[in-house]
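Below, chains carry the letters A, B, ... as their sequence lines are ordered, and counting in each starts from 1. Remember, predicted model here, so these are calculated numbers, not experimental data.
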Protein chains: 4
Amino acid sequence: MIDERRPDRRGALVAAAYARIATAGFEGLRTRDVAADVGVNIATLHYYFPSKEALIRAVIGYAVGRFQATMPGAGSAVDQLRAHLRAIAELLRADPRLWAVMSELVLRAPRDTSLADIFRQTDGYWHRTLAELIQRCIDAGAVAPDLDASGTARLLIVAIKGMSLPALAGDPSDIADQVFTQFERLLGLDELH
Amino acid sequence: MIDERRPDRRGALVAAAYARIATAGFEGLRTRDVAADVGVNIATLHYYFPSKEALIRAVIGYAVGRFQATMPGAGSAVDQLRAHLRAIAELLRADPRLWAVMSELVLRAPRDTSLADIFRQTDGYWHRTLAELIQRCIDAGAVAPDLDASGTARLLIVAIKGMSLPALAGDPSDIADQVFTQFERLLGLDELH
Amino acid sequence: MIDERRPDRRGALVAAAYARIATAGFEGLRTRDVAADVGVNIATLHYYFPSKEALIRAVIGYAVGRFQATMPGAGSAVDQLRAHLRAIAELLRADPRLWAVMSELVLRAPRDTSLADIFRQTDGYWHRTLAELIQRCIDAGAVAPDLDASGTARLLIVAIKGMSLPALAGDPSDIADQVFTQFERLLGLDELH
Amino acid sequence: MIDERRPDRRGALVAAAYARIATAGFEGLRTRDVAADVGVNIATLHYYFPSKEALIRAVIGYAVGRFQATMPGAGSAVDQLRAHLRAIAELLRADPRLWAVMSELVLRAPRDTSLADIFRQTDGYWHRTLAELIQRCIDAGAVAPDLDASGTARLLIVAIKGMSLPALAGDPSDIADQVFTQFERLLGLDELH
DNA sequence: AATGAATGAGAGTTCATTCAT
DNA sequence: AATGAATGAACTCTCATTCAT
């Protein structure tokens with residue numbers, strides 16, 4: 001049982017590290033800053049996380065977890081696809097920091113085996129799920145029959161990834177709107193969002 | 001005029017830094033490593049570049065320059081669009097390191113005003129050029145008339161950006177093939193590559 | 001009176017610290033390790049010993065006490081001398097850790113006044129006792145009459161100390177055998193062990 | 001060619017570390033102190049020695065080298081034995097710090113494989129050399145014929161080691177005198193020093 | 001009697017940068 | 001044009017110690 005009067009230091013440290021990575025990148029992540037953000041001594045950070053690396057792992061778990069929550073759940077294929085794309089759009093709007101962190105993680109993955117494993121799994125699952133969903137939409141006659149399910153899934157994924165990168169020209173939410181509108185058109189679905 | 005017998009230290013240092021960023025990221029960029037890669041003393045690096053930041057600027061110039069070379073040149077709209085997408089596909093295949101560096105730069109941009117300026121300009125120019133090109137293709141009847149030029153340009157750009165991120169699930173060139181095939185289908189163009 | 005159902009935490013902590021010093025030296029003595037060895041929290045250690053220094057004092061008392069138990073007791077001079085040397089030989093065989101700890105203590109003594117006092121006293125007493133014993137053996141005609149009691153006592157002491165240092169070439173017990181055989185020969189006593 | 005105007009920083013750092021170990025032991029060795037003793041920045045120490053461990057290796061080499069210089073050289077067996085014991089006595093008088101450092105090293109050896117190797121070799125060589133020398137003295141009729149060369153060598157070695165430990169009761173040089181006098185008597189040699 | 005949580009001080013190490021040569 | 005030597009500042013991490021419970 002958690003004593004609610006006691007602050008959740010562990011969680012606070014992960015949140016602080018997450019925020020630091022979002023704004024300063026891994027390049028600018030300093031354990032002292034994280035500890036200071038939470039208002040604890042640097043030794044306290046090491047009380048909860050044996051090393052900076054361990055703290056980073058916790059941040060990875062947190063970020064990947066949030067992302068995976070957008071994965072399709074129950075319902076008809078069309079509903080699931082719609083729900084998934086809407087959830088992504090919503091997440092993009094609601095927590096831009098998540099995308100900043102995810103981008104940092106993606107760039108880090110080639111040098112971090114365990115992170116690469118996570119992405120390999122997540123990305124693979126994402127693509128399979130999306131392709132299957134699109135195929136079921138085609139079978140159900142809800143989207144254009146001449147569509148290549150796998151290729152379309154791929155395009156959606158890379159476009160979403162590309163959108164998650166910091167947008168420097170134009171308003172990010174305008175860009176997202178434009179892109180999601182293109183998704184609709186591509187899939188032949190109406191009212192995506 | 002450059003004396004060809006004398007090694008181009010400056011260029012070699014930029015190339016070494018570029019390679020280091022591609023493999024280790026900004027996070028892992030060490031001036032000592034760069035100097036060692038070229039086989040010169042660390043002080044020599046500072047003779048050519050007053051600071052690490054200056055070296056990074058040079059790398060940025062180099063990378064952005066290479067990227068800008070893929071921008072559409074002369075010819076009919078359809079030819080230009082085809083040529084541009086082909087050039088991107090070719091670059092993606094030929095120098096994966098450029099994409100790694102570009103991704104690193106994109107992530108760094110929010111914390112680096114001058115880099116942000118560069119991307120704002122480049123991305124803006126890229127989008128305008130692409131949108132205009134697509135519009136001209138539409139006007140010429142070469143692509144589907146119901147296409148939104150600006151939105152399609154946006155989708156192409158984010159998808160290309162997304163593709164430039166390290167791909168961890170699936171073969172990168174397969175992914176590129178799938179995505180470029182989707183581009184064709186989307187634009188209604190044949191023989192993109 | 002000690003409640004036997006309750007574990008002797010104090011004693012266990014001293015024993016654990018003693019073992020740690022024997023294997024890792026003072027250099028490698030960590031209070032956390034000692035507490036962990038006993039299976040208690042680090043704060044519990046500080047409940048019994050206000051400081052690391054206090055714990056070390058207790059270990060010193062324990063080690064010196066064990067060593068002093070080998071000091072000659074009752075009996076004829078020859079018997080006492082024999083008994084003493086045998087006890088040392090036995091201790092050397094039975095508890096090599098004691099010697100490791102004693103060596104660590106000796107090296108620490110120059111920087112630790114109170115420890116230096118202990119050794120000054122112990123060593124002085126040891127030398128006086130041994131010299132007197134040897135003299136009484138000489139007087140009793142049991143050992144060579146031309147022996148210098150004080151000098152011989154000194155040699156025995158330094159040799160025993162030298163033997164207590166970690167032996168790296170040769171088997172420690174072989175070395176001890178050789179040295180004790182030399183003692184016999186030197187003193188003209190038979191059957192020392 | 002060494003520029004004599006330039007200070008030998010490497011050597012100075014080794015000397016300072018040597019002195020620190022002699023007075024404070026490994027337990028009290030701090031790289032910052034060593035650097036401060038030499039009057040350089042801590043980073044300078046790391047310029048010459050990649051790690052504290054590397055600095056310690058250099059000190060070991062220095063100390064062991066000085067000790068090995070006392071190993072018997074040329075001459076008749078009796079002369080060599082005399083010279084060796086005199087050299088040890090002299091070293092004991094001249095540089096007490098060497099013995100302090102050697103003692104620290106001996107205690108460290110069980111936890112340091114490479115150091116243990118050094119001592120295994122040095123001690124083994126020392127014992128073989130001494131035993132052989134004593135045997136040759138016996139053969140030459142210079143020392144008592146009933147002496148066990150190996151055992152006597154062992155006794156000499158452990159006694160010298162014991163003497164090298166900090167003496168806390170009595171004047172160190174008096175102790176050395178007494179012990180060397182006992183060596184003479186034991187070997188039946190006159191005028192050892 | 002015992003603990004989980006927290007800390008201050010300080011450890012070794014790294015790195016971009018400088019400067020005399 | 002190039003370097004070896006040196007440094008200040010900052011980094012992650014450790015450890016004995018404290019304190020509320």
Point to revise | Salt bridge present between A:E104 and B:R111 (N-O < 4.0 angstrom) | key: yes

**Study point:** Salt-bridge present (C:R57, C:D112; N to O < 4.0 Å)
**Key:**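 So C:R57 pairs with C:D112 through a salt bridge.
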
Check your understanding: Under 4.0 angstrom, heavy atoms only, what part of the nucleic acid is C:L45 near: base, sugar-phosphate, or nothing?
Key ->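 No contact.
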
Check your understanding: With sugar-phosphate meaning primed atoms plus P, OP1 and OP2, does C:L55 contact a base, only sugar-phosphate, or nothing at under 4.0 Å between heavy atoms?
Key ->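 Answer is nothing: C:L55 stays at 4.0 Å or more from every strand.
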
Considering just the side-chain nitrogens and oxygens of [X], establish if one lies under 4.0 Å of OP1 or OP2 belonging to [N].
X: D:T44; N: F:dT7; value: yes
X: D:Y47; N: F:dA6; value: no
X: A:R9; N: E:dA6; value: yes
X: B:N41; N: F:dG4; value: yes
X: B:Y48; N: F:dA2; value: yes

To the nearest Å, give me how far apart [atom1] ([X]) and [atom2] ([N]) are.
X: C:H46; N: E:dT7; atom1: NE2; atom2: P; value: 18 Å
X: A:R30; N: E:dT13; atom1: CZ; atom2: P; value: 19 Å
X: D:I56; N: E:dT13; atom1: CD1; atom2: P; value: 9 Å
X: A:F49; N: E:dA6; atom1: CZ; atom2: C1'; value: 15 Å
X: A:I42; N: E:dA5; atom1: CD1; atom2: P; value: 18 Å
X: B:R10; N: F:dA1; atom1: CZ; atom2: P; value: 12 Å
X: A:L13; N: F:dC13; atom1: CG; atom2: C1'; value: 15 Å
X: C:D8; N: E:dA1; atom1: CG; atom2: P; value: 13 Å

Point to revise | Closest-nucleotide 5' rank along DNA chain F - winner of B:V40 and A:T31 | key: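 Closer to the 5' end of DNA chain F: B:V40.
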
Check your understanding: For the residue pair C:V38 and C:A16, what are the closest heavy atoms and their distance?
Key -> CG2-CB, 3.7 Å

Practice item. Could you tell me which non-hydrogen atom of D:I21 sits nearest to which non-hydrogen atom of D:F26, and how far apart they are? Key: CD1-CE2, 3.7 Å

Exercise for review: Between B:K52 and D:S51, just flag the one whose closest nucleotide in DNA chain E comes earlier from the 5' side.
Suggested key: D:S51

Exercise for review: Look at the side chain of D:R32 against the base of E:dG10 and say whether a donor-acceptor pair falls under 3.5 Å; ignore hydrogens and angles.
Suggested key: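 Result: no qualifying N/O pair found.
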
Practice item. Counting Watson-Crick and G-U wobble pairs only, both distances under 3.5 Å, name the nucleotide matched with E:dA20, or none. Key: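 Because both required distances fall under 3.5 Å, E:dA20 counts as paired with F:dT3.
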
**Study point:** Partner nucleotide of E:dC15 by Watson-Crick or wobble geometry (both distances under 3.5 Å)
**Key:** F:dG8

Point to revise | Any side-chain heavy-atom pair of A:I56 and A:L115 under 4.5 Å | key: no

